[in-house]
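Structure, as structure tokens:
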Amino acid sequence: MSNSHSSDKTGGYMAEKFTRKLGRSQIEVSALGMGCWAIGGPFYYGGKPDGWGNIDDEESVKAIQTALDLGINFFDTADAYGVGHSEEVLGKALAGKRNEAVISTKFAHFGNSETKTLNGTNISPSYIEKACDASLKRLKTDYIDVYLLHEWNIGVADVETVCSVLEKLVEKGKIRTYGWSTDLVDGAVLFARRKNCSVIQHCLNVFEDAPEMLKFCVENNLASINRSPLAMGFLSGKFDKNSVLPQDDVRGAGHEWVPYFKNGRPSDEFMKMLDSVKEILTSKGRTPAQGALAWIWGKSEITIPIPGFKTVKQVEENAKALQFGPLTKNETDEIERILKRK
């Protein structure tokens, strides 16, 4: 899988044009994407806050446009984020620039956009097409580049049904390609059999490696889209043992599935891990966040991390990681050794 590199002067510094292909689809994207969960604003899942606190839509729009100016063209959202609000903000930010962007969105969760509450999941054929049409409308576009199943674990029989609907959506021109957001390799295997499946979105960061999933994606010519590349902000290095996140933030809301923060406090275990590898991550003048993204690129040539953002400043910092490029093999090997994963 090739990476193309060229330089152009944007945003006051030399931004590397560092690109990757979305697997079999051959759609070219920047090696860094932007995750649009946080810009969806507050919403509830399982009775608990599932957003990242309050947001400023104008700042979100500026941040998306800044990303485009800095050579980032890949944006990952979902109809669940802010119960549709993230898609609306992205649609607004890309008005008149749709052809410059590659949009990935997800389906399966349904909810009430008035009360900002997710109420359950639905993967029936009629619902999937309805969800796709609703996303198209919010995104103000007539096609979605990448459409992802947003339900972590479904039955084997359901995979066939879901993929058949997705193949039909490709035929109708509503979506270009599709994939699954899952950490289960055996699930990914079932999706990968289908012609127009090109990507798997899964968790990958310095704390949580995914060697089996990466190997599977390489062998099957699938792009690896990496959620939680900064471990929900932990790898930005801005937290210490006294940090406490508010309860209206997904990291402080008490969700069982959030490993890095417990009751809004950074986990001691992950704090020790970060301290032990920080020197390598910050080599060559990188910030911890830039080093964490560089680690992901160093793992494989198919990885595309999608860090979240709420501000222009965060986008600028993450975009600058493209200039530094991947960590070297020696550096990634050293991190494995320190974390005793070999």
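These numbers come from a predicted model, not from an experiment. Heavy atoms only: backbone and side chains are in, while hydrogens, waters and symmetry mates are out. Numbering of residues begins at 1 and proceeds along the displayed sequence.
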(request) Compare every heavy atom of Glu331 with every heavy atom of Ser283, then report the nearest pair and how far apart it is. (result) OG-OE2, 3.3 Å

(request) Identify whether NZ of Lys or CZ of Arg in Arg20 sits under 6.0 Å from the centre of the six-membered ring of Phe74 and within 45° of that ring's axis. (result) no

(message) Quick check against the 3.5 Å criterion: does Ser30 have a side-chain atom that pairs as donor or acceptor with the backbone of Asn73?
(response) yes

(message) Could you check whether His202 and Ser181, counting side-chain N and O atoms only, form a donor-acceptor pair closer than 3.5 Å?
(response) no

(request) Test Asp240 against Arg265 for salt bridge (charged side-chain N to carboxylate O under 4.0 Å, His left out), laying out the working first. (result) CA-CA 9 Å; Asp240 61 33; Arg265 292 181 177 276; over 6 Å; no

(message) Between Thr66 and Glu316, do the side chains contain a donor N or O and an acceptor N or O under 3.5 Å apart?
(response) no

(message) Looking at Thr117, is its backbone amide N or carbonyl O close enough to the side chain of Asn112 to form a donor-acceptor pair, meaning the two atoms are under 3.5 Å apart?
(response) no

(message) For Asp57, is there an ion pair with Lys62 - N to carboxylate O distance below 4.0 angstrom?
(response) no

(request) Spell out, as yes or no, whether a donor-acceptor pair under 3.5 Å connects the side chain of Lys310 to the backbone of Trp52. (result) yes

(request) Kindly indicate, with the supporting measurements, whether the criterion salt bridge (charged side-chain N to carboxylate O under 4.0 Å, His left out) is fulfilled by Arg337 and Glu334. (result) CA-CA 5 Å; Arg337 193 190 62 74; Glu334 180 64 6; 2.8 Å; yes

(request) Spell out, as yes or no, whether a donor-acceptor pair under 3.5 Å connects the side chain of Lys116 to the backbone of Gly82. (result) yes

(request) Please confirm whether the backbone N or O of Cys132 pairs with a side-chain atom of Tyr147, one donor and one acceptor, at under 3.5 Å? (result) yes

(message) So does Leu222 get a backbone contact from the side chain of Asn220, meaning a donor-acceptor N/O pair under 3.5 Å?
(response) no

(request) Establish, from distance only, whether the side-chain atoms of Arg98 and Thr141 form a donor-acceptor pair under 3.5 Å. (result) yes

(message) Within the structure provided, determine whether Val277 and Val206 are in side-chain contact (heavy-atom separation under 4.5 Å).
(response) yes

(message) Would you say the ring centers of Phe207 and Phe270 fall short of 6.0 Å from each other?
(response) yes

(message) Within the 3.5 Å criterion, strictly below it, is a donor on Gln247 or Asn263 matched to an acceptor on the partner's side chain?
(response) no

(request) Would you check if the distance from the ring center of Tyr81 to the ring center of His150 is below 6.0 Å? (result) yes

(message) Determine whether a donor-acceptor pair (N or O, by modelled atom type, separation under 3.5 Å) exists between the side chain of Gln65 and the backbone of Ala93.
(response) yes

(message) Could you check whether Phe43 and His85 have their ring centres less than 6.0 Å apart?
(response) no

(request) Answer yes if the side chains of Ser198 and Thr177 hold a donor-acceptor pair under 3.5 Å, and no otherwise. (result) yes

(request) Could you please spell out the steps behind the salt bridge (charged side-chain N to carboxylate O under 4.0 Å, His left out) verdict for Glu219 and Lys215? (result) CA-CA 6 Å; Glu219 286 169 356; Lys215 182 171 181 280; 3.0 Å; yes

(request) For Glu279 and Ser276, indicate whether the former's side chain and the latter's backbone hold a donor-acceptor pair under 3.5 Å. (result) no

(request) Rounded to the nearest 0.5 Å, what's the gap from CD on Glu160 to CD1 on Ile154? Could you check? (result) 10.5 Å

(message) Hydrogens and angles aside, do Glu28 and Thr19 bring a side-chain donor and acceptor to less than 3.5 Å of each other?
(response) yes

(message) We want to know whether Ser86 and Thr77 form a side-chain donor-acceptor pair, criterion being a heavy-atom distance below 3.5 angstrom.
(response) yes

(message) Under a 3.5 Å threshold, yes or no: a donor from one side chain and an acceptor from the other, between Ser124 and Asn122?
(response) yes

(message) Using a 3.5 Å distance criterion without hydrogens, assess whether the side chain of Glu167 forms a donor-acceptor pair with backbone atoms of Asn196.
(response) yes

(message) Assess whether a salt bridge exists between Lys174 and Asp133, defined as any Lys/Arg side-chain N lying under 4.0 Å from an Asp/Glu carboxylate O.
(response) yes

(message) Determine whether the aromatic ring centres of residues Phe261 and Phe239 are separated by less than 6.0 angstrom.
(response) yes

(message) Donor-acceptor pair, distance only, cut-off 3.5 Å: does the side chain of Arg227 make one with the backbone of Pro307?
(response) no

(request) Establish whether Ile55 and Val61 are linked, either directly or via other cluster members, by ILVMFWY side-chain heavy-atom contacts under 4.5 Å. (result) no

(request) Check whether the side chains of Tyr260 and Asn205 place a donor and an acceptor atom closer than 3.5 Å, and report yes or no. (result) yes

(request) Please determine if Asp209 and Lys299 form a salt bridge, counting it only when a charged side-chain N lies under 4.0 Å from a carboxylate O. (result) yes

(request) Just do the salt bridge (charged side-chain N to carboxylate O under 4.0 Å, His left out) check on Glu88 and Lys140 with the steps written out, would you? (result) CA-CA 8 Å; Glu88 285 167 355; Lys140 293 187 171 63; over 6 Å; no

(request) Is it possible for you to say whether Leu149 and Phe110 belong to one hydrophobic cluster, with membership spreading through side-chain heavy-atom contacts below 4.5 Å? (result) no

